[in-house]
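Presented below is the structure to which this report refers.
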Amino acid sequence: MNSETVAERRKKVLVGELPPHFLRLAVPIQQVAEPEIVQPRLVSFVPPNTRGRLSVTILEANLVKNYGLVRMDPYCRVRVGNVAFDTNVAANGGRAPTWNRTLNAYLPMNVESIYIQIFDEKAFGPDEVIAWAHIMLPLAIFNGDNIDEYFQLSGQQGEGKEGMIHLHFSFAPIELPLQSEVMPQQDVAPAPL
């Protein structure tokens, strides 16, 4: 143990005003030029073989039966081509869930239908499929019309007997630049064998 007293330790400490350069870095002052205004460029990626942008609004469903023991918390899964979208869960939605969710997807060429599944979210265990529908896209949307319709759902009750789902469709074609505008073609000699 050190036998120094507090008074002896205080005599070793520098007491008083600190010099102005104490714990300060010497940084040279530089003239800062006016920042150049940069215009943002919007870069969007459109997958190849895209027909346009499909907007599907899932408004509500009217189901025939409540499959939950106490309550039912339904949500929708919509598949457009190879992409699946989920809506939010209509907590305690029961037989008349309301989502009012708009999903935007690129519609691939030759895809003319969507597939909808309604699930009951379970707290313990996997979610249960309540109803489903395979819906052919209305041809009127490709002419610029908006379609607001009810579609029949299938499920345990039978084909088209599980209830109805209310959907709103719209479609916007995408103007893709010509391939020559995207990448200039270069003449390439075949590789020697």
Side-chain angles (χ1 to χ4, degrees), residues 41-179 182:
R41 278 189 339 168
L42 297 176
V43 178
S44 63
F45 172 74
V46 177
N49 298 322
T50 298
R51 190 173 184 180
R53 194 180 101 197
L54 178 69
S55 293
V56 180
T57 302
I58 299 110
L59 297 165
E60 61 186 343
N62 296 315
L63 303 170
V64 173
K65 186 176 176 184
N66 186 348
Y67 289 101
L69 293 174
V70 178
R71 67 180 201 172
M72 199 164 59
D73 300 326
Y75 67 92
C76 281
R77 178 167 294 151
V78 179
R79 184 173 304 279
V80 179
N82 294 329
V83 182
F85 301 92
D86 286 352
T87 64
N88 53 321
V89 174
N92 206 11
R95 290 179 36 205
T98 302
W99 296 286
N100 199 20
R101 170 83 190 271
T102 301
L103 307 171
N104 295 309
Y106 288 117
L107 185 66
M109 292 288 189
N110 301 322
V111 172
E112 308 211 353
S113 64
I114 63 171
Y115 187 70
I116 294 182
Q117 293 175 302
I118 299 178
F119 289 87
D120 180 16
E121 184 182 57
K122 300 289 186 185
F124 304 105
D127 296 347
E128 178 185 357
V129 177
I130 301 168
W132 59 86
H134 183 242
I135 299 170
M136 297 302 291
L137 294 173
L139 295 178
I141 65 170
F142 299 114
N143 297 329
D145 294 340
N146 292 334
I147 303 297
D148 191 41
E149 286 185 27
Y150 282 87
F151 296 91
Q152 291 184 341
L153 295 167
S154 300
Q156 292 179 10
Q157 302 294 319
E159 186 74 27
K161 296 181 180 177
E162 197 61 53
M164 304 286 279
I165 188 163
H166 187 191
L167 302 175
H168 180 86
F169 289 101
S170 64
F171 178 77
I174 293 179
E175 302 291 328
L176 293 176
L178 296 175
Q179 188 67 16
V182 176

Determine whether [X] and [Y] make a side-chain contact, defined as any pair of heavy atoms from C-beta on separated by less than 4.5 Å.
X    : Y    : result
I118 : V129 : no
R53  : N104 : yes
V80  : L103 : no
P108 : N49  : no
F171 : L137 : no
R95  : K65  : no
D148 : H166 : yes

Tell me whether [X] contacts the main-chain N or O of [Y] through its side chain, where contact means a donor paired with an acceptor under 3.5 Å.
X    : Y    : result
N100 : L59  : no
D73  : D120 : no
W99  : P74  : yes
T87  : C76  : yes

At what distance, to the nearest 0.5 angstrom, does [atom1] of [X] lie from [atom2] of [Y]?
X    : Y    : atom1 : atom2 : answer
H168 : I147 : NE2   : CD1   : 8.5 Å
R71  : E121 : CZ    : CD    : 8.5 Å
R79  : Q117 : CZ    : CD    : 7.0 Å
E60  : L167 : CD    : CG    : 10.0 Å
Q157 : I130 : CD    : CD1   : 12.0 Å

**Item:** Working for side chain to side chain contact (heavy atoms under 4.5 Å, CB included), residues F151 and I116
**Value:** CA-CA 10 Å; F151 296 91; I116 294 182; over 6 Å; no

**Asked** Aromatic rings Y115 and H134: how do their planes relate, parallel, tilted or perpendicular, breaks at 30° and 60°?
**Response**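 Taking H134 first and then Y115, their aromatic rings sit tilted (interplane angle of 30° to 60°).
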
**Asked** Can you tell which of D145, N146, I141 makes a side-chain contact (heavy atoms from CB on, under 4.5 Å) with F169?
**Response**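 Exactly one pass, corresponding to I141.
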
**Message:** List the residues meeting ring-ring contact (aromatic ring centres under 6.0 Å, His included) with F85, not counting sequence neighbours, and say none if there are none.
**Reply:**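 Per chain and number, F85 pairs via ring-ring contact (aromatic ring centres under 6.0 Å, His included) with no residue.
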
Do you know the tightest heavy-atom contact between [X] and [Y]?
X    : Y    : result
L153 : A131 : CB-CB, 4.0 Å
N88  : R101 : N-NH1, 4.0 Å
Y106 : V46  : OH-CG2, 4.1 Å

**Request:** Could I get the full list of side-chain contact (heavy atoms from CB on, under 4.5 Å) partners for N62, not counting sequence neighbours?
**Result:**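 side-chain contact (heavy atoms from CB on, under 4.5 Å) list for N62, sorted by chain: A96, Y150.
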
**Request:** Go through V111 and L54 one step at a time and tell me if the side chain to side chain contact (heavy atoms under 4.5 Å, CB included) criterion holds.
**Result:** CA-CA 11 Å; V111 172; L54 178 69; over 6 Å; no

**Message:** Less than 6.0 angstrom from the centroid, inside 45 degrees of the normal: does R51 satisfy that with respect to the ring of F142?
**Reply:**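 Positive - R51 is close enough to the ring of F142 and near enough to its axis.
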
**Prompt:** Got a sec, which pairs hit salt bridge (Lys or Arg N to Asp or Glu O under 4.0 Å) with one end in residues 81-91, sequence neighbours left out?
**Reply:**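 Sorted result for residues 81-91: R77-D86.
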
**Test side chain to side chain contact (heavy atoms under 4.5 Å, CB included) applied to S154 and E162, step by step** = CA-CA 5 Å; S154 300; E162 197 61 53; 5.6 Å; no

**Within 6.0 angstrom of N82 CG, more than 12 heavy atoms from elsewhere** =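 No, not enclosed.
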
